[in-house]
**Student:** 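Please find one structure pasted underneath; my questions will follow.
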Amino acid sequence: MLANLYIASYQLHSTLDFKEVLQIILEIVINLIGAEEFGVLLLDEKTNRLEPVASEGLETSELPSIDVGKGIIGESVENGENYFIDSMEGYERDFEKPIVCIPLKIKEHVIGVIAIYKLLVQKDEFTNVDYELFTLLAGHAATAVFSSRMYSDSERKLSTIQGFIDLLTK
Amino acid sequence: MRQLIVFALKRIRGFQISEANDGVDGLKKLSADKYDLILTDINMPIMDGLKLVSMVRNDPNYKETPIIVITTEGAIEDRERALALGANEYITKPIQTMKILETVKKLMSV
(Lines give C-alpha, C1' and ligand atoms only; values in the text may rest on other atoms or scores of the structure.)
Protein backbone atom coordinates (compact mmCIF):
# COMPACT_ATOMS: atom_id res chain seq x y z
CA MET A 1 0.00 0.00 0.00
CA LEU A 2 2.70 2.46 0.98
CA ALA A 3 4.64 1.89 -2.22
CA ASN A 4 1.56 2.73 -4.32
CA LEU A 5 0.91 5.90 -2.33
CA TYR A 6 4.57 6.86 -2.52
CA ILE A 7 4.91 6.60 -6.27
CA ALA A 8 1.55 8.27 -6.85
CA SER A 9 2.47 11.19 -4.67
CA TYR A 10 5.99 11.51 -6.05
CA GLN A 11 4.86 11.42 -9.66
CA LEU A 12 2.11 13.99 -9.12
CA HIS A 13 4.65 16.51 -7.90
CA SER A 14 7.36 15.63 -10.38
CA THR A 15 6.26 18.06 -13.07
CA LEU A 16 4.81 21.53 -13.58
CA ASP A 17 3.50 20.72 -17.04
CA PHE A 18 -0.30 20.72 -16.94
CA LYS A 19 -0.74 18.02 -19.58
CA GLU A 20 1.80 15.80 -17.87
CA VAL A 21 0.01 16.23 -14.55
CA LEU A 22 -3.27 15.17 -16.17
CA GLN A 23 -1.54 12.18 -17.73
CA ILE A 24 -0.15 11.13 -14.36
CA ILE A 25 -3.62 11.39 -12.80
CA LEU A 26 -4.97 9.17 -15.57
CA GLU A 27 -2.17 6.65 -14.99
CA ILE A 28 -2.81 6.53 -11.27
CA VAL A 29 -6.54 5.96 -11.72
CA ILE A 30 -6.04 3.27 -14.39
CA ASN A 31 -3.07 1.43 -12.95
CA LEU A 32 -3.38 1.79 -9.20
CA ILE A 33 -7.16 2.00 -8.76
CA GLY A 34 -8.22 -0.09 -11.75
CA ALA A 35 -10.74 2.15 -13.45
CA GLU A 36 -11.53 1.55 -17.10
CA GLU A 37 -13.69 4.57 -17.90
CA PHE A 38 -13.41 7.87 -16.11
CA GLY A 39 -13.00 11.57 -16.60
CA VAL A 40 -11.28 14.53 -15.01
CA LEU A 41 -13.31 17.72 -14.92
CA LEU A 42 -12.01 21.09 -13.75
CA LEU A 43 -13.97 24.00 -12.40
CA ASP A 44 -14.30 27.08 -14.54
CA GLU A 45 -14.72 29.71 -11.87
CA LYS A 46 -16.18 32.23 -14.30
CA THR A 47 -19.08 29.99 -15.30
CA ASN A 48 -19.18 27.83 -12.17
CA ARG A 49 -19.27 24.79 -14.43
CA LEU A 50 -17.13 21.68 -14.43
CA GLU A 51 -15.46 21.22 -17.80
CA PRO A 52 -13.98 17.87 -18.90
CA VAL A 53 -10.25 18.09 -19.55
CA ALA A 54 -9.10 14.45 -19.70
CA SER A 55 -10.53 10.99 -19.84
CA GLU A 56 -9.73 7.33 -20.24
CA GLY A 57 -11.86 4.69 -21.93
CA LEU A 58 -14.07 7.30 -23.53
CA GLU A 59 -13.69 10.49 -25.52
CA THR A 60 -13.34 13.62 -23.45
CA SER A 61 -15.85 15.24 -25.80
CA GLU A 62 -18.46 12.67 -24.68
CA LEU A 63 -18.37 13.96 -21.14
CA PRO A 64 -20.90 16.66 -20.40
CA SER A 65 -20.09 19.95 -18.68
CA ILE A 66 -21.75 20.07 -15.32
CA ASP A 67 -23.08 22.92 -13.21
CA VAL A 68 -21.79 22.96 -9.66
CA GLY A 69 -24.54 21.78 -7.36
CA LYS A 70 -26.43 19.91 -10.08
CA GLY A 71 -26.64 16.15 -10.05
CA ILE A 72 -24.35 13.75 -8.25
CA ILE A 73 -21.12 15.17 -9.63
CA GLY A 74 -22.15 18.78 -9.15
CA GLU A 75 -23.28 18.12 -5.58
CA SER A 76 -20.09 16.24 -4.78
CA VAL A 77 -18.10 19.28 -5.91
CA GLU A 78 -20.36 21.68 -4.04
CA ASN A 79 -20.07 19.85 -0.72
CA GLY A 80 -16.52 18.60 -1.28
CA GLU A 81 -17.44 15.05 -0.33
CA ASN A 82 -16.47 11.84 -2.08
CA TYR A 83 -19.37 9.95 -3.60
CA PHE A 84 -19.53 6.15 -3.88
CA ILE A 85 -22.41 4.35 -5.50
CA ASP A 86 -24.35 2.08 -3.10
CA SER A 87 -24.20 -0.96 -5.34
CA MET A 88 -22.55 -1.65 -8.68
CA GLU A 89 -24.91 -4.51 -9.42
CA GLY A 90 -26.66 -3.88 -12.72
CA TYR A 91 -24.84 -0.60 -13.15
CA GLU A 92 -24.57 0.75 -16.68
CA ARG A 93 -22.54 3.78 -17.54
CA ASP A 94 -24.44 6.94 -16.85
CA PHE A 95 -22.72 10.31 -17.12
CA GLU A 96 -25.19 11.70 -14.60
CA LYS A 97 -24.54 8.90 -12.11
CA PRO A 98 -20.92 7.75 -11.86
CA ILE A 99 -19.64 4.96 -9.63
CA VAL A 100 -17.29 7.30 -7.80
CA CYS A 101 -16.72 11.05 -7.54
CA ILE A 102 -13.54 12.38 -6.01
CA PRO A 103 -13.53 16.17 -5.63
CA LEU A 104 -10.07 17.64 -6.07
CA LYS A 105 -9.58 19.98 -3.12
CA ILE A 106 -7.00 22.40 -1.83
CA LYS A 107 -8.06 22.74 1.78
CA GLU A 108 -11.81 23.24 1.28
CA HIS A 109 -11.55 24.87 -2.12
CA VAL A 110 -12.66 22.42 -4.82
CA ILE A 111 -10.98 22.89 -8.18
CA GLY A 112 -12.28 19.86 -10.00
CA VAL A 113 -13.42 16.26 -9.79
CA ILE A 114 -12.54 12.77 -10.96
CA ALA A 115 -15.64 10.83 -11.99
CA ILE A 116 -15.32 7.07 -12.50
CA TYR A 117 -17.88 5.31 -14.71
CA LYS A 118 -16.51 1.81 -15.08
CA LEU A 119 -13.98 -0.43 -13.37
CA LEU A 120 -11.81 -3.10 -14.94
CA VAL A 121 -13.66 -6.41 -15.11
CA GLN A 122 -11.25 -7.98 -12.61
CA LYS A 123 -11.86 -5.17 -10.11
CA ASP A 124 -14.73 -6.35 -7.89
CA GLU A 125 -14.64 -3.83 -5.13
CA PHE A 126 -12.62 -1.07 -3.57
CA THR A 127 -9.97 -1.94 -1.02
CA ASN A 128 -8.42 0.05 1.80
CA VAL A 129 -5.57 1.12 -0.45
CA ASP A 130 -8.10 2.51 -2.95
CA TYR A 131 -9.68 4.70 -0.28
CA GLU A 132 -6.21 5.90 0.70
CA LEU A 133 -5.48 6.68 -2.94
CA PHE A 134 -8.74 8.59 -3.26
CA THR A 135 -7.73 10.71 -0.27
CA LEU A 136 -4.30 11.25 -1.79
CA LEU A 137 -5.74 12.17 -5.17
CA ALA A 138 -8.23 14.57 -3.65
CA GLY A 139 -5.41 16.65 -2.20
CA HIS A 140 -2.22 15.99 -4.10
CA ALA A 141 -3.75 15.88 -7.55
CA ALA A 142 -5.54 19.14 -6.82
CA THR A 143 -2.30 20.81 -5.76
CA ALA A 144 -0.46 19.44 -8.77
CA VAL A 145 -3.15 20.64 -11.18
CA PHE A 146 -3.33 24.06 -9.55
CA SER A 147 0.44 24.53 -9.51
CA SER A 148 0.86 23.44 -13.11
CA ARG A 149 -1.88 25.79 -14.29
CA MET A 150 -0.36 28.69 -12.35
CA TYR A 151 3.04 27.89 -13.84
CA SER A 152 1.64 27.69 -17.35
CA ASP A 153 -0.22 31.00 -16.89
CA SER A 154 2.89 32.72 -15.58
CA GLU A 155 5.00 31.33 -18.42
CA ARG A 156 2.49 32.66 -20.92
CA LYS A 157 2.43 36.09 -19.30
CA LEU A 158 6.20 36.15 -19.18
CA SER A 159 6.36 35.30 -22.85
CA THR A 160 3.89 38.10 -23.67
CA ILE A 161 5.80 40.64 -21.59
CA GLN A 162 9.06 39.55 -23.21
CA GLY A 163 7.45 39.97 -26.59
CA PHE A 164 6.45 43.55 -25.72
CA ILE A 165 9.91 44.32 -24.41
CA ASP A 166 11.49 42.97 -27.59
CA LEU A 167 9.11 45.10 -29.64
CA LEU A 168 9.88 48.26 -27.70
CA THR A 169 13.58 47.77 -27.68
CA LYS A 170 13.93 47.09 -31.40
CA MET B 1 1.63 2.41 -16.76
CA ARG B 2 5.06 3.29 -17.85
CA GLN B 3 5.73 6.32 -15.73
CA LEU B 4 4.63 4.73 -12.48
CA ILE B 5 6.37 1.39 -12.95
CA VAL B 6 9.56 2.87 -14.35
CA PHE B 7 9.70 5.27 -11.47
CA ALA B 8 9.18 2.48 -8.94
CA LEU B 9 11.85 0.26 -10.50
CA LYS B 10 14.39 3.07 -10.76
CA ARG B 11 13.72 4.84 -7.50
CA ILE B 12 12.90 1.99 -5.17
CA ARG B 13 15.10 -0.74 -6.60
CA GLY B 14 17.70 1.19 -8.54
CA PHE B 15 17.31 -0.70 -11.81
CA GLN B 16 18.49 0.73 -15.11
CA ILE B 17 15.51 0.98 -17.40
CA SER B 18 15.15 1.44 -21.10
CA GLU B 19 11.65 2.40 -22.29
CA ALA B 20 10.04 1.59 -25.59
CA ASN B 21 6.98 3.26 -27.11
CA ASP B 22 5.56 0.12 -28.70
CA GLY B 23 6.44 -3.44 -29.63
CA VAL B 24 8.46 -2.48 -32.68
CA ASP B 25 10.46 0.06 -30.71
CA GLY B 26 10.95 -2.60 -28.04
CA LEU B 27 12.38 -5.09 -30.51
CA LYS B 28 14.78 -2.46 -31.84
CA LYS B 29 16.03 -1.76 -28.36
CA LEU B 30 16.37 -5.47 -27.60
CA SER B 31 18.51 -6.01 -30.67
CA ALA B 32 20.69 -2.99 -29.88
CA ASP B 33 21.51 -3.93 -26.31
CA LYS B 34 21.27 -6.79 -23.82
CA TYR B 35 18.52 -6.82 -21.20
CA ASP B 36 17.97 -8.97 -18.13
CA LEU B 37 14.19 -8.68 -17.97
CA ILE B 38 11.34 -7.43 -20.14
CA LEU B 39 8.14 -5.77 -18.93
CA THR B 40 5.37 -5.28 -21.43
CA ASP B 41 1.74 -4.29 -21.68
CA ILE B 42 -0.54 -6.07 -24.14
CA ASN B 43 -2.37 -3.14 -25.64
CA MET B 44 0.28 -1.17 -27.50
CA PRO B 45 0.24 0.58 -30.84
CA ILE B 46 1.89 -0.90 -33.95
CA MET B 47 2.78 -4.22 -32.30
CA ASP B 48 0.91 -5.58 -29.30
CA GLY B 49 2.50 -7.23 -26.30
CA LEU B 50 1.56 -10.80 -27.22
CA LYS B 51 3.23 -10.46 -30.60
CA LEU B 52 6.24 -8.98 -28.85
CA VAL B 53 6.45 -11.89 -26.41
CA SER B 54 6.26 -14.35 -29.28
CA MET B 55 9.00 -12.60 -31.23
CA VAL B 56 11.24 -12.24 -28.20
CA ARG B 57 11.00 -15.96 -27.47
CA ASN B 58 12.03 -16.71 -31.04
CA ASP B 59 15.19 -14.66 -30.55
CA PRO B 60 18.01 -16.98 -29.40
CA ASN B 61 19.47 -14.12 -27.35
CA TYR B 62 16.30 -13.85 -25.28
CA LYS B 63 15.05 -17.42 -25.03
CA GLU B 64 15.52 -17.47 -21.26
CA THR B 65 15.06 -13.79 -20.44
CA PRO B 66 12.17 -13.31 -17.99
CA ILE B 67 9.14 -11.54 -19.46
CA ILE B 68 6.42 -9.99 -17.31
CA VAL B 69 3.16 -8.91 -18.87
CA ILE B 70 1.31 -6.13 -17.02
CA THR B 71 -2.11 -5.45 -18.49
CA THR B 72 -5.73 -4.40 -18.08
CA GLU B 73 -6.82 -7.60 -19.85
CA GLY B 74 -8.14 -9.79 -17.08
CA ALA B 75 -9.64 -12.71 -19.01
CA ILE B 76 -8.15 -16.11 -18.23
CA GLU B 77 -7.73 -16.80 -21.95
CA ASP B 78 -5.49 -13.73 -22.31
CA ARG B 79 -3.38 -14.91 -19.42
CA GLU B 80 -3.09 -18.43 -20.77
CA ARG B 81 -2.20 -17.16 -24.21
CA ALA B 82 0.56 -14.92 -22.87
CA LEU B 83 2.03 -17.71 -20.76
CA ALA B 84 1.79 -20.16 -23.66
CA LEU B 85 3.70 -17.71 -25.85
CA GLY B 86 6.48 -17.57 -23.29
CA ALA B 87 5.71 -14.91 -20.72
CA ASN B 88 6.86 -15.83 -17.22
CA GLU B 89 4.34 -13.80 -15.29
CA TYR B 90 1.03 -12.14 -16.12
CA ILE B 91 -0.05 -9.34 -13.79
CA THR B 92 -3.39 -7.59 -14.19
CA LYS B 93 -4.15 -4.03 -13.26
CA PRO B 94 -4.76 -2.50 -10.80
CA ILE B 95 -1.20 -3.08 -9.81
CA GLN B 96 0.41 -3.39 -6.44
CA THR B 97 3.83 -1.84 -6.78
CA MET B 98 5.44 -4.14 -4.25
CA LYS B 99 4.08 -7.20 -6.05
CA ILE B 100 5.73 -6.07 -9.27
CA LEU B 101 8.99 -5.30 -7.52
CA GLU B 102 8.97 -8.69 -5.79
CA THR B 103 8.14 -10.46 -9.04
CA VAL B 104 11.00 -8.70 -10.81
CA LYS B 105 13.35 -9.59 -7.98
CA LYS B 106 12.23 -13.21 -8.01
CA LEU B 107 12.65 -13.63 -11.74
CA MET B 108 16.01 -11.91 -11.85
CA SER B 109 17.45 -14.03 -9.09
CA VAL B 110 16.63 -17.31 -10.84
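Per chain, numbering begins at 1; letters A, B, ... match sequence-line order.
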**Student:** Within the supplied structure, the quantity of interest is the number of heavy atoms (other residues, nucleotides, ligands) at a distance under 6.0 Å from B:Arg57 CZ; does it exceed 12?
**Tutor:**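 Yes - once you tally the heavy atoms of other residues, nucleotides and ligands closer than 6.0 Å, there are more than 12.
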**Student:** For A:Gln122 and B:Thr92, work out which heavy atoms get closest and say how close.
**Tutor:**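 The answer is NE2-CB, 3.6 Å.
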**Student:** Highest number of heavy-atom pairs under 4.5 Å with chain A: which of B:Met98, B:Arg11, B:Gln96?
**Tutor:**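 Of the options given, most contacts go to B:Arg11.
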**Student:** Is A:Phe95 atom CZ crowded by more than 12 heavy atoms from other residues, nucleotides or ligands, each under 6.0 Å away?
**Tutor:**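 It does: A:Phe95 CZ has more than 12 such atoms within range.
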**Student:** Should we say atom NZ of B:Lys29 is surrounded by more than 12 heavy atoms from elsewhere, each under 6.0 Å from it?
**Tutor:**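 Buried by this count: over 12 neighbours within 6.0 Å.
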**Student:** Please state whether the side chain, the backbone, both or neither of A:Leu26 comes within less than 4.5 Å of a heavy atom of chain B.
**Tutor:**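 Neither part.
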**Student:** Checking side chain to side chain contact (heavy atoms under 4.5 Å, CB included) for the pair A:Ile7/B:Ile12: CA distance, chi angles, key distance, verdict?
**Tutor:** CA-CA 9 Å; A:Ile7 62 170; B:Ile12 300 176; 4.2 Å; yes
**Student:** Locate the shortest heavy-atom distance separating B:Ile95 from A:Leu32; write the atom from each residue and the value.
**Tutor:**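 In this case the closest contact between B:Ile95 and A:Leu32 is CG1-CD2, 3.6 Å.
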**Student:** Decide if atom CG of A:Asp166 counts as having more than 12 heavy atoms of other residues, nucleotides or ligands within a radius under 6.0 Å.
**Tutor:**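 Yes, enclosed.
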**Student:** Is any side-chain heavy atom of B:Thr72 less than 4.5 Å from a side-chain heavy atom of A:Val121?
**Tutor:**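 With C-beta onward as the side chain, the pair stays apart.
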**Student:** Supply the atom-to-atom distance B:Leu4 CG to A:Asn4 CG, rounded to the nearest 0.5 angstrom.
**Tutor:**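 Going from the CG atom of B:Leu4 to the CG atom of A:Asn4 covers 8.5 Å.
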**Student:** Near A:Glu62 CD, under 6.0 Å, is it more than 12 heavy atoms from other residues, nucleotides or ligands?
**Tutor:**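 Yes, CD of A:Glu62 has more than 12 neighbouring heavy atoms, counting only those of other groups under 6.0 Å.
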**Student:** Is A:Leu120 close to B:Lys93 at the side-chain level, that is, under 4.5 Å between some pair of heavy atoms?
**Tutor:**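 Yes, side chains in contact.
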**Student:** Is A:Val129 close to chain B through its backbone or its side chain, or both, or neither, when contacts mean heavy atoms under 4.5 Å?
**Tutor:**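 Contact with chain B involves the side chain of A:Val129 alone.
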**Student:** Are B:Leu107 and B:Val6 co-members of a hydrophobic cluster defined by side-chain heavy atoms under 4.5 Å apart?
**Tutor:**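 Same cluster.
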**Student:** Establish whether A:Ile73 and A:Met88 are linked, either directly or via other cluster members, by ILVMFWY side-chain heavy-atom contacts under 4.5 Å.
**Tutor:**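 Linked, A:Ile73 and A:Met88 end up in one cluster.
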**Student:** Which is it for A:Tyr6 and B:Thr97 under the side chain to side chain contact (heavy atoms under 4.5 Å, CB included) test, yes or no, and what are the steps along the way?
**Tutor:** CA-CA 10 Å; A:Tyr6 172 68; B:Thr97 309; over 6 Å; no
